[in-house]
Amino acid sequence: MPTRELPGTTALVTGASRGFGRAIAIALSSSGAHVVGVARDRVRLEELRAQLGGTFTPVTADAADPVVAGQLLDEHRPRTLVLNAGAAPLARPVHRHTWQTFSRNWEVDVQHVFNWTREALLLPLEPGSVVIAVSSGAAVNGSPLSGGYAGAKATIRFIASYAAAESGRNSLGITFASVLPQLTPETELGAAGVAAYAARQGADIPAFLDGFGPPLTPEQVGTAIVDIVTGPGDGRDAYLLTAAGLSPMQ
Ligand SMILES: NC(=O)c1ccc[n+]([C@@H]2O[C@H](COP(=O)([O-])OP(=O)(O)OC[C@H]3O[C@@H](n4cnc5c(N)ncnc54)[C@H](OP(=O)(O)O)[C@@H]3O)[C@@H](O)[C@H]2O)c1
């Protein structure tokens, strides 16, 4: 497969107001794409617009709303779609969850990946388009203080691989992949998770992080997403992501 160029193309990133999504939007913009960033926090999106200028279009919306997915894909037809939005799980052991708190990441993270993936296949996006869903290392390792988070993120990996197979079966030429970042304290969601696991171990946060090695930064996530989008492709549909970089998964 040839390498892909970003200048002159549109990328759409969900959850672009902070954390990984913000860094992904900046990396895609720096590589020449016009970026449409979707999130609910209008103020943070406007701050990013002030930083990136006319190369960034902020859209204040709930990414889990199926109408939002349909409308924005119809309007923007992005060549790059990054499904990154995710709810911060309530950090409690399983028996302290209710079904509503346990299923939060299914209602937000999974529902949004399902809706946008479905729309991308039905439209369909142009051949050569790339859709990346942000899963988590928790999809492999579990996350016992995060309710249904790990299972939700495992399902996101499955949805991306099912969509990759459908794209192939129907000769759509759309690449679907998932990325599984390791836990990092460098975002609001990750910092809350690290604090919860450190407290459970009775450790302070620096001591807890000691065993982790260098933390994955949002900037590294942005670079990794650009690498997948612009790279030649290796036929894989899932990648682990740590501070050491991307590793294709079996
Ligand atoms: N940080 C980690 O350690 C880690 C590790 C593995 C995977 N991940 C995954 O990486 C993704 C990004 O996480 P992060 O660490 O960057 O978290 P974060 O700093 O909390 O950012 C989450 C982003 O998702 C957006 N969002 C949440 N619900 C939304 C909704 N209904 N509609 C639109 N946007 C929504 C938030 O924007 P608004 O609040 O403005 O809507 C925000 O921009 C998530 O899917 C997360 O599960 C994170």
Side-chain angles (χ1 to χ4, degrees), residues 12-27 35-49 56 58-69 72 81-91 104-116 132-143 145-157 159-160 178-198 205 208-209 212-222 224-225 238-243 246:
L12 191 150
V13 181
T14 66
S17 59
R18 60 176 189 268
F20 292 169
R22 183 177 186 280
I24 293 165
I26 292 169
V35 178
V36 179
V38 182
R40 296 162 303 168
D41 188 329
R42 181 187 302 273
V43 172
R44 290 202 197 194
L45 287 178
E46 287 299 340
E47 285 167 6
L48 189 53
R49 157 91 183 178
F56 181 74
V59 178
T60 309
D62 179 352
D65 181 339
V67 174
V68 168
L72 292 180
L81 175 59
V82 184
L83 302 175
N84 160 82
L90 187 60
R104 170 64 60 84
N105 296 98
W106 291 81
E107 296 296 344
V108 177
D109 308 28
V110 177
Q111 185 173 192
H112 117 279
V113 169
F114 172 80
N115 288 335
W116 289 81
I132 299 175
V134 178
S135 172
S136 170
V140 177
N141 302 318
S143 183
L145 289 185
S146 307
Y149 179 82
K153 292 304 196 183
T155 297
I156 285 172
R157 180 183 172 192
I159 292 172
S178 59
V179 172
L180 285 66
Q182 74 176 160
L183 178 64
T184 173
E186 305 241 342
T187 70
E188 290 181 21
L189 182 154
V194 165
Y197 283 103
I205 291 173
F208 175 79
L209 287 172
F212 270 72
L216 175 65
T217 66
E219 292 70 29
Q220 287 169 324
V221 177
I225 297 294
Y239 301 85
L240 273 176
L241 178 57
T242 69
L246 288 163

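Atoms within a ligand are numbered from 1 in the order they appear, just like the ligands themselves.
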Is the closest N or O pair between Val108 and ligand 1 shorter than 3.5 Å?
-> no
Specify whether His112 and Trp116 have parallel, tilted or perpendicular ring planes, treating 30° as the upper limit for parallel and 60° as the lower limit for perpendicular.
-> perpendicular
Backbone of Ala64 reached by a side-chain donor or acceptor of Asn115 within 3.5 Å | yes
Is the side chain of Thr14 donor-acceptor paired with the backbone N or O of Ala85 at a distance under 3.5 Å, no angle test?
-> yes
The atoms of ligand 1 lying under 4.0 Å from a heavy atom of Glu188, numbered in the order shown, are 19 (O)
Ranked by distance from atom 14 (P) of ligand 1, the top protein heavy atom is Thr187 OG1, 3.6 Å
Would you check whether Phe20 has a nitrogen or oxygen atom less than 3.5 angstrom from a nitrogen or oxygen atom of ligand 1?
-> yes
Check whether any N or O atom of Ser136, backbone or side chain, sits under 3.5 Å from an N or O atom of ligand 1, and answer yes or no.
-> no
Counting heavy atoms under 4.0 Å, the part of Ala88 that contacts ligand 1 is neither
For atom 19 (O) of ligand 1, closest protein heavy-atom neighbour | Arg18 NE, 3.4 Å
Is there a nitrogen or oxygen of Ala87 sitting under 3.5 Å from a nitrogen or oxygen of ligand 1?
-> no
Number the atoms of ligand 1 from 1 as they appear, then name those within less than 4.0 Å of a heavy atom of Val134, with their elements.
-> 9 (C), 10 (O), 11 (C)
Near Lys153 (heavy-atom distance under 4.0 Å), the atoms of ligand 1 are 44 (C), 45 (O), 46 (C), 47 (O)
Take every heavy atom of Asn84, measure it against each atom of ligand 1, and state whether any distance is under 4.0 Å.
-> yes
Considering only non-hydrogen protein atoms, determine which one is nearest to atom 35 (C) of ligand 1 and report residue, atom name and distance to 0.1 Å.
-> Ala85 CB, 3.7 Å
In the protein, which heavy atom is nearest to atom 5 (C) of ligand 1, and how far is it?
-> Gln182 O, 3.5 Å
